[in-house]
Novice: 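I have a structure here, written as structure tokens, and I will follow up with some questions on it.
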Amino acid sequence: LPKSYVPMLTNDFSKVGLKFDDFALTDNTCGPEPKRKIVRPPDIDTFVEDVQVIQDDLKSFGRGFTVIQNDLNDGRQKLSNDLRDELKRAEDAL
């Protein structure tokens with residue numbers, strides 16, 4: 001804040017019952033962007049193996065619809081359990 005504004009602000013603040021000195025000036029400007037570093041992952045030797053394991057776990061059903069095989073199996077098992085439970089409830093109700 002330029003010092004030349006302080007007398008005007010002090011006067012204007014006093015007109016509405018406030019003291020300019022009661023307010024804290026805050027510098028909200030951004031500093032320079034930090035330099036970006038490209039670093040080598042410490043486990044680069046296992047990276048290719050990790051990617052292969054993940055790719056092996058994927059199941060694709062066409063463009064834009066790929067799921068992890070384990071999630072697919074879990075969903076199938078949950079659906080099977082839900083259907084079995086519903087069937088049991090229906091049989092018990094008869």
Side-chain angles (χ1 to χ4, degrees):
L1 177 68
K3 299 285 183 194
S4 61
Y5 292 163
V6 173
M8 177 188 67
L9 290 172
T10 302
N11 184 38
D12 290 345
F13 275 46
S14 67
K15 290 179 184 177
V16 292
L18 299 172
K19 293 181 181 177
F20 178 73
D21 294 334
D22 290 344
F23 291 85
L25 296 177
T26 303
D27 181 4
N28 285 331
T29 58
C30 296
E33 185 174 340
K35 291 185 178 182
R36 301 192 186 264
K37 295 181 188 174
I38 297 176
V39 296
R40 181 176 183 218
D43 60 348
I44 193 70
D45 55 328
T46 63
F47 180 73
V48 174
E49 294 167 8
D50 294 343
V51 169
Q52 186 61 46
V53 168
I54 291 170
Q55 286 177 341
D56 290 345
D57 287 344
L58 295 179
K59 176 74 174 173
S60 181
F61 294 96
R63 183 179 176 150
F65 190 70
T66 302
V67 296
I68 296 178
Q69 186 69 37
N70 289 341
D71 290 344
L72 186 62
N73 291 339
D74 290 346
R76 185 180 304 131
Q77 185 62 45
K78 287 177 185 174
L79 179 60
S80 176
N81 291 345
D82 289 346
L83 290 173
R84 187 179 58 244
D85 293 345
E86 284 294 320
L87 181 60
K88 182 163 177 16
R89 278 193 285 268
E91 287 173 346
D92 292 345
L94 296 176

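None of these values were measured; they are calculated from a predicted model.
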Novice: List the residues meeting side-chain contact (heavy atoms from CB on, under 4.5 Å) with Pro2, not counting sequence neighbours, and say none if there are none.
Specialist: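 Only Ser4, Tyr5 meet the side-chain contact (heavy atoms from CB on, under 4.5 Å) criterion with Pro2.
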Novice: Please identify each residue that fulfils salt bridge (charged side-chain N to carboxylate O under 4.0 Å, His left out) with Lys19, with sequence neighbours left out.
Specialist: none
Novice: Can you pull the ring-ring contact (aromatic ring centres under 6.0 Å, His included) pairs that have at least one residue in residues 17-38, sequence neighbours excluded?
Specialist: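 Residue pairs with at least one partner in residues 17-38: Phe13-Phe20, Phe13-Phe23.
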Novice: Quick one: list whatever passes side-chain hydrogen bond (donor to acceptor under 3.5 Å, both in side chains) with Thr26, sequence neighbours left out.
Specialist: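 For Thr26, no residue satisfies side-chain hydrogen bond (donor to acceptor under 3.5 Å, both in side chains) once neighbours in sequence are set aside.
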Novice: Ignoring hydrogens and angles, write down the donor-acceptor pairs under 3.5 Å from the side chains of residues 84-93, residues two or more places apart or on other chains.
Specialist:
from  : atom 1 : to    : atom 2 : distance (Å)
Arg84 : NH1    : Asn81 : OD1    : 3.3
Arg84 : NH2    : Asn81 : OD1    : 3.0
Glu86 : OE2    : Arg89 : NH2    : 2.6
Lys88 : NZ     : Asp92 : OD2    : 3.4

Novice: Leu83: which other cluster members, linking ILVMFWY side chains closer than 4.5 Å, directly or transitively?
Specialist: Leu79
Novice: Under the side-chain contact (heavy atoms from CB on, under 4.5 Å) rule, collect the residues that match up with Ser14, sequence neighbours excluded.
Specialist: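 Checked Ser14 against side-chain contact (heavy atoms from CB on, under 4.5 Å); matches are Asn11.
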Novice: Hey, could you give me the CG/CG distance between Asp12 and Leu18, rounded to the nearest 0.5 Å?
Specialist: 11.0 Å
Novice: Go through the structure and list residues passing side-chain contact (heavy atoms from CB on, under 4.5 Å) with Lys3, not counting sequence neighbours.
Specialist: none
